[in-house]
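Report on one structure; see the data block that follows.
Owing to the predicted nature of the structure, the values given are computational and were not obtained by experimental measurement.
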Amino acid sequence: HLVVDPAVEEVQLVLAIDAWLSAVHLSIPIRWTRLWPAELLGALGYPFLAVAFGSPLRGSLVIANAFLLASLIVIAAVGKRALESFERTTFTQVARERTLRAEAEHKLCRATSSAAGSMPVAQENAEVDLVSAPTTTPTGKLFTISGSDGPEALKQQLQAMADIGTQEHWLVRSEDLLPVPGRLCDGGSFGVVML
(Lines give C-alpha, C1' and ligand atoms only; values in the text may rest on other atoms or scores of the structure.)
Protein backbone atom coordinates (compact mmCIF):
# COMPACT_ATOMS: atom_id res chain seq x y z
CA HIS A 1 0.00 0.00 0.00
CA LEU A 2 1.44 3.34 -1.13
CA VAL A 3 1.42 6.14 1.39
CA VAL A 4 1.34 9.65 -0.07
CA ASP A 5 2.79 12.49 1.92
CA PRO A 6 0.16 15.23 2.50
CA ALA A 7 2.77 17.88 1.70
CA VAL A 8 3.25 16.32 -1.74
CA GLU A 9 -0.51 16.42 -2.31
CA GLU A 10 -0.51 20.11 -1.43
CA VAL A 11 2.30 20.82 -3.91
CA GLN A 12 0.34 18.88 -6.53
CA LEU A 13 -2.67 21.10 -5.77
CA VAL A 14 -0.57 24.23 -6.37
CA LEU A 15 0.78 22.77 -9.61
CA ALA A 16 -2.75 21.83 -10.72
CA ILE A 17 -3.96 25.39 -10.09
CA ASP A 18 -1.00 26.77 -12.07
CA ALA A 19 -1.57 24.31 -14.93
CA TRP A 20 -5.25 25.24 -15.08
CA LEU A 21 -4.46 28.97 -15.16
CA SER A 22 -1.75 28.47 -17.80
CA ALA A 23 -4.23 26.56 -19.97
CA VAL A 24 -6.80 29.32 -19.52
CA HIS A 25 -4.30 32.00 -20.52
CA LEU A 26 -2.96 30.11 -23.53
CA SER A 27 -6.00 28.41 -24.99
CA ILE A 28 -9.01 30.65 -24.45
CA PRO A 29 -9.25 33.40 -27.10
CA ILE A 30 -10.37 36.14 -24.75
CA ARG A 31 -9.02 39.57 -23.83
CA TRP A 32 -6.50 39.50 -21.01
CA THR A 33 -8.55 41.98 -19.01
CA ARG A 34 -11.44 39.47 -18.89
CA LEU A 35 -9.31 36.81 -17.20
CA TRP A 36 -9.06 38.54 -13.83
CA PRO A 37 -11.76 36.37 -12.17
CA ALA A 38 -9.82 33.20 -12.99
CA GLU A 39 -6.58 34.83 -11.85
CA LEU A 40 -8.16 35.98 -8.60
CA LEU A 41 -9.69 32.56 -7.99
CA GLY A 42 -6.33 30.89 -8.55
CA ALA A 43 -4.39 33.34 -6.38
CA LEU A 44 -6.83 33.22 -3.46
CA GLY A 45 -8.01 29.64 -3.90
CA TYR A 46 -4.89 27.94 -2.57
CA PRO A 47 -4.45 30.09 0.56
CA PHE A 48 -8.18 29.78 1.29
CA LEU A 49 -8.06 25.97 1.03
CA ALA A 50 -4.89 25.84 3.15
CA VAL A 51 -6.49 27.92 5.92
CA ALA A 52 -9.98 26.41 5.70
CA PHE A 53 -8.96 22.74 5.63
CA GLY A 54 -5.58 23.01 7.28
CA SER A 55 -2.20 22.39 5.77
CA PRO A 56 0.51 19.91 6.69
CA LEU A 57 3.05 22.58 5.79
CA ARG A 58 4.31 25.27 8.13
CA GLY A 59 2.64 28.64 7.78
CA SER A 60 5.72 30.18 6.18
CA LEU A 61 5.74 27.47 3.46
CA VAL A 62 2.05 28.07 2.74
CA ILE A 63 2.78 31.79 2.37
CA ALA A 64 5.79 31.03 0.14
CA ASN A 65 3.71 28.67 -2.03
CA ALA A 66 0.93 31.28 -2.26
CA PHE A 67 3.46 33.95 -3.22
CA LEU A 68 5.06 31.74 -5.89
CA LEU A 69 1.63 30.83 -7.28
CA ALA A 70 0.65 34.50 -7.40
CA SER A 71 3.94 35.26 -9.17
CA LEU A 72 3.23 32.60 -11.79
CA ILE A 73 -0.25 34.05 -12.29
CA VAL A 74 1.18 37.56 -12.78
CA ILE A 75 3.74 36.20 -15.27
CA ALA A 76 0.97 34.40 -17.19
CA ALA A 77 -1.14 37.59 -17.24
CA VAL A 78 1.78 39.69 -18.49
CA GLY A 79 2.55 37.04 -21.13
CA LYS A 80 -1.08 37.03 -22.27
CA ARG A 81 -0.99 40.83 -22.51
CA ALA A 82 2.24 40.75 -24.53
CA LEU A 83 0.82 38.09 -26.86
CA GLU A 84 -2.35 40.11 -27.37
CA SER A 85 -0.32 43.25 -28.07
CA PHE A 86 1.80 41.35 -30.62
CA GLU A 87 -1.32 39.96 -32.32
CA ARG A 88 -2.87 43.42 -32.55
CA THR A 89 0.34 44.92 -33.96
CA THR A 90 0.61 42.12 -36.52
CA PHE A 91 -3.03 42.54 -37.52
CA THR A 92 -2.49 46.29 -37.97
CA GLN A 93 0.56 45.65 -40.16
CA VAL A 94 -1.33 43.13 -42.32
CA ALA A 95 -4.27 45.52 -42.67
CA ARG A 96 -1.91 48.37 -43.61
CA GLU A 97 -0.14 46.20 -46.21
CA ARG A 98 -3.44 45.09 -47.71
CA THR A 99 -4.61 48.70 -47.89
CA LEU A 100 -1.41 49.77 -49.63
CA ARG A 101 -1.72 46.86 -52.06
CA ALA A 102 -5.34 47.74 -52.85
CA GLU A 103 -4.38 51.38 -53.40
CA ALA A 104 -1.50 50.37 -55.69
CA GLU A 105 -3.74 48.03 -57.67
CA HIS A 106 -6.35 50.77 -57.96
CA LYS A 107 -3.75 53.23 -59.26
CA LEU A 108 -2.49 50.62 -61.70
CA CYS A 109 -6.01 49.94 -62.92
CA ARG A 110 -6.67 53.65 -63.38
CA ALA A 111 -3.35 54.14 -65.18
CA THR A 112 -3.96 51.16 -67.45
CA SER A 113 -7.48 52.20 -68.32
CA SER A 114 -6.45 55.81 -68.97
CA ALA A 115 -3.49 54.69 -71.10
CA ALA A 116 -5.80 52.47 -73.14
CA GLY A 117 -8.18 55.39 -73.63
CA SER A 118 -11.19 53.46 -72.43
CA MET A 119 -11.92 55.83 -69.57
CA PRO A 120 -10.77 59.44 -69.29
CA VAL A 121 -9.20 59.93 -65.87
CA ALA A 122 -7.80 63.26 -64.76
CA GLN A 123 -4.59 62.59 -62.85
CA GLU A 124 -2.06 65.01 -61.49
CA ASN A 125 0.73 62.42 -61.42
CA ALA A 126 -0.02 60.55 -64.63
CA GLU A 127 3.67 59.97 -65.36
CA VAL A 128 4.25 58.38 -61.94
CA ASP A 129 1.19 56.16 -62.29
CA LEU A 130 2.22 54.97 -65.76
CA VAL A 131 5.67 53.95 -64.52
CA SER A 132 4.11 51.01 -62.67
CA ALA A 133 2.00 49.83 -65.60
CA PRO A 134 2.61 46.12 -66.30
CA THR A 135 3.88 46.77 -69.83
CA THR A 136 6.72 48.99 -68.53
CA THR A 137 8.29 46.39 -66.25
CA PRO A 138 10.72 43.75 -67.57
CA THR A 139 8.38 40.89 -66.68
CA GLY A 140 5.41 42.78 -68.10
CA LYS A 141 7.21 43.14 -71.42
CA LEU A 142 8.21 39.48 -71.30
CA PHE A 143 4.64 38.31 -70.73
CA THR A 144 3.26 40.42 -73.60
CA ILE A 145 3.20 37.95 -76.48
CA SER A 146 2.75 39.49 -79.89
CA GLY A 147 3.73 36.51 -82.07
CA SER A 148 4.79 38.86 -84.88
CA ASP A 149 8.52 38.31 -84.28
CA GLY A 150 8.46 34.75 -85.57
CA PRO A 151 8.53 31.29 -84.03
CA GLU A 152 12.16 31.43 -82.82
CA ALA A 153 11.56 34.67 -80.89
CA LEU A 154 8.38 33.18 -79.44
CA LYS A 155 10.30 30.08 -78.35
CA GLN A 156 12.94 32.26 -76.64
CA GLN A 157 10.22 34.31 -74.93
CA LEU A 158 8.46 31.18 -73.65
CA GLN A 159 11.79 29.82 -72.38
CA ALA A 160 12.43 33.11 -70.52
CA MET A 161 8.96 32.81 -68.96
CA ALA A 162 9.73 29.24 -67.90
CA ASP A 163 13.03 30.39 -66.39
CA ILE A 164 11.22 33.02 -64.31
CA GLY A 165 8.64 30.44 -63.25
CA THR A 166 11.36 28.06 -62.13
CA GLN A 167 13.21 30.82 -60.29
CA GLU A 168 10.05 32.03 -58.51
CA HIS A 169 8.77 28.47 -57.85
CA TRP A 170 5.39 28.84 -59.55
CA LEU A 171 6.10 26.76 -62.63
CA VAL A 172 4.87 23.18 -62.33
CA ARG A 173 7.36 20.79 -63.90
CA SER A 174 6.02 18.26 -66.39
CA GLU A 175 7.53 15.45 -64.29
CA ASP A 176 5.24 16.48 -61.41
CA LEU A 177 2.09 16.09 -63.53
CA LEU A 178 0.68 12.60 -63.64
CA PRO A 179 -2.77 12.59 -65.28
CA VAL A 180 -5.10 9.72 -64.46
CA PRO A 181 -6.38 8.17 -67.69
CA GLY A 182 -10.12 8.52 -68.10
CA ARG A 183 -10.54 11.01 -65.21
CA LEU A 184 -11.99 14.05 -66.97
CA CYS A 185 -12.51 17.02 -64.64
CA ASP A 186 -13.92 19.61 -67.07
CA GLY A 187 -13.67 20.79 -70.64
CA GLY A 188 -14.31 23.83 -72.76
CA SER A 189 -13.57 25.41 -76.10
CA PHE A 190 -9.86 25.86 -75.24
CA GLY A 191 -9.17 22.34 -74.00
CA VAL A 192 -9.83 19.61 -71.47
CA VAL A 193 -8.86 19.47 -67.78
CA MET A 194 -7.96 16.03 -66.49
CA LEU A 195 -7.26 14.88 -62.96
Side-chain angles (χ1 to χ4, degrees), residues 1-111 125 128-129 131-134 137-140 143 163-173 175-178 185 195:
H1 188 270
L2 181 65
V3 178
V4 180
D5 185 9
V8 172
E9 289 181 342
E10 188 160 329
V11 170
Q12 288 177 339
L13 172 67
V14 172
L15 287 174
I17 292 171
D18 181 50
W20 173 72
L21 282 169
S22 295
V24 166
H25 280 88
L26 294 174
S27 63
I28 297 178
I30 190 171
R31 296 283 313 267
W32 72 281
T33 55
R34 303 286 186 204
L35 291 174
W36 70 266
E39 295 165 352
L40 187 64
L41 180 65
L44 297 179
Y46 168 68
F48 172 77
L49 292 173
V51 170
F53 296 106
S55 173
L57 301 176
R58 293 190 324 259
S60 61
L61 287 177
V62 171
I63 292 172
N65 283 346
F67 176 75
L68 290 173
L69 180 62
S71 298
L72 290 171
I73 292 170
V74 168
I75 290 168
V78 170
K80 176 74 172 179
R81 174 65 181 125
L83 179 63
E84 184 179 312
S85 177
F86 172 75
E87 289 172 346
R88 288 175 177 267
T89 302
T90 305
F91 177 78
T92 303
Q93 289 173 346
V94 168
R96 187 177 307 121
E97 288 172 5
R98 287 184 180 176
T99 302
L100 290 173
R101 181 177 179 180
E103 289 172 355
E105 289 175 353
H106 178 69
K107 283 183 179 180
L108 180 63
C109 180
R110 286 184 13 209
N125 300 325
V128 174
D129 287 343
V131 170
S132 64
T137 63
T139 54
F143 281 88
D163 292 342
I164 291 174
T166 304
Q167 181 183 3
E168 295 180 356
H169 306 289
W170 52 259
L171 181 67
V172 180
R173 299 178 309 158
E175 301 88 44
D176 295 333
L177 298 175
L178 298 172
C185 180
L195 294 178

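Counting all heavy atoms, side chain and backbone alike, Leu21 lies closest to Gly42 at CD1-CA, 3.8 Å. In plain terms, the two heavy atoms of Leu69 and Ile17 that are nearest each other are CD2-CG2, 3.9 Å.
The side-chain hydrogen bond (donor to acceptor under 3.5 Å, both in side chains) test applied to Asp18 returns no partner, not counting sequence neighbours. Taking Leu68 as the reference, nothing meets the side chain to side chain contact (heavy atoms under 4.5 Å, CB included) condition, with sequence neighbours excluded. A search for side chain to side chain contact (heavy atoms under 4.5 Å, CB included) contacts involving Leu49 returns Leu13, Phe53, not counting sequence neighbours. Not counting sequence neighbours, Glu97 has no partner by the side chain to side chain contact (heavy atoms under 4.5 Å, CB included) test. Partners of Ser55 under the side-chain hydrogen bond (donor to acceptor under 3.5 Å, both in side chains) rule, at least two apart in sequence or in another chain, are Glu10. Every side-chain hydrogen bond (donor to acceptor under 3.5 Å, both in side chains) that Glu105 has, sequence neighbours left out, goes to Arg101. Take Leu61 and apply the side chain to side chain contact (heavy atoms under 4.5 Å, CB included) test, not counting sequence neighbours, and it matches Leu57, Arg58. A search for side-chain hydrogen bond (donor to acceptor under 3.5 Å, both in side chains) contacts involving Arg31 returns Glu84, not counting sequence neighbours.
Inter-residue side-chain proximity for Tyr46 and Val62 is flagged as met; some heavy-atom pair is nearer than 4.5 Å. In this structure, the side chains of Leu41 and Trp20 come closer than 4.5 Å at one or more pairs of heavy atoms.
Here the straight-line distance linking atom CG of Leu35 with atom CG of Leu40 works out to 12.5 Å at 0.5 Å rounding. For the atom pair CD of Glu103 and OG1 of Thr99, the computed distance is 6.5 Å after rounding to the nearest 0.5 Å.
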Handout entry: Residue pair Thr89, Gln93: steps toward the side-chain contact (heavy atoms from CB on, under 4.5 Å) verdict
Key = CA-CA 6 Å; Thr89 302; Gln93 289 173 346; 4.1 Å; yes
Donor-acceptor contacts under 3.5 Å from residues 70-82 side chains, at least two apart:
| from | atom 1 | to | atom 2 | distance (Å) |
| --- | --- | --- | --- | --- |
| Ser71 | OG | Phe67 | O | 2.9 |
| Lys80 | NZ | His25 | O | 3.3 |
| Lys80 | NZ | Ile28 | O | 3.1 |
| Lys80 | NZ | Ile30 | O | 3.4 |

